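As the structure lists them, so they are numbered: ligands from 1, and atoms in each ligand from 1. Keep in mind that what you see is a predicted model, and the values were worked out from it rather than measured.
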Amino acid sequence: MSNRARAQNEWQRRIARAEELGAQYSFAAEILRFYVTVARFQENFSGELGKSLKRSSAGAVASDSEPFGQPLPPELAGRFDKLLSVVEQSGPGPLAEVARELRNSGEDLHFQLLTTFWNGSETEALPSGPKDFFARAFLQPYAEVIRSRSNLRPSGPAPFLCPFCKRKPGLGVLRPLGDGGQRSLICSFCLAEWEFRRIVCPGCGEENHAKLPVYTAEELNHVRVEGCDSCRSYIKTVDLTKSGRAEPIVDEMASIPLDLWAQEHGYTKLQPNLLQL
Ligand SMILES: [Zn+2]
Ligand SMILES: [Zn+2]
């Protein structure tokens, strides 16, 4: 079987898409290059977690209603160093600096940082200081594994926060449905996807069409800003009816001109993405 024919996992698809968009759009080249190094770490870590959780019972005891209610296993912190050295070598200056400081601070402090992030408040946006970047990038594959092993099947009205980890959505997606698109939201942390009504602000619930402006730019015109004039928040939505090749979280990151537009017009992002944009 050739490399091309071999099925890619979701991390590999994101990496390939980031390389493709980075070559195409100079305004996103640098951040996508950095994203690729982080996502490669995440892919490896995710593979290791899959194996080690299969052996231990740790993955199986999470309760169905609260898959994220279990404390973080301390042995996880032992792998944090690897991410720190990746960023120290290839991250942007300020993050590389923080990576170096963190590497010198020892495993106890690492575990403390990770636990604080893991237990963080449910209703606030994910924190976005430089140390939080590391906690989020590191814990994301673990969160994805915990979520994918959970038996939770969300029902009832579409929630504003992730039904699994209770964090805010990081972006929206429109998937082909009949003649139009069905909107869903993607969690900013565990990357769960859940259906959400199309004309509702995921920040405050505003339903008045006139208060929910949509903006697209010429570059990457399959990504749109969905603003809300009631709470002044915005979220970007990747329209898969216009581009089936898109990898939503990567296309969201690449569409930097839309963030600039939104910020110039006084909107604040509901939840900054992994790269804190
Ligand atoms: Zn989640
Ligand atoms: Zn709103």
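Contact annotation: the side chain of Pro130 never approaches that of Glu101 to less than 4.5 Å [non-hydrogen atoms, C-beta and beyond].
Checking side-chain atoms of Ser85 against main-chain N and O of Asp81 turns up a donor-acceptor pair under 3.5 Å. At least one donor-acceptor pair under 3.5 Å links the side chain of His110 to the backbone N or O of Leu102.
In terms of heavy atoms, Arg224 sits closest to Leu174 at NH1-CD1, 4.1 Å.
The Zn ion (ligand 2) forms the vertex of an angle spanning SG of Cys201 and SG of Cys228; to the nearest 10 degrees it equals 110°. The Zn ion (ligand 2) is the vertex of the angle joining SG of Cys231 and SG of Cys204, which measures 110° to the nearest 10°.
Between Phe117 and Phe80, the distance separating the two ring centers is not shorter than 6.0 angstrom.
Around the Zn ion (ligand 1), the protein contributes the following N, O or S atoms at distances under 2.8 Å: Cys162 SG, Cys165 SG, Cys187 SG, Cys190 SG.
Between Phe196 and Phe160, the two ring planes are perpendicular [angle over 60°; tilted spans 30° to 60°]. A parallel orientation is assigned to the rings of Trp261 and Tyr267, their planes being inclined by less than 30° (bins at 30° and 60°).
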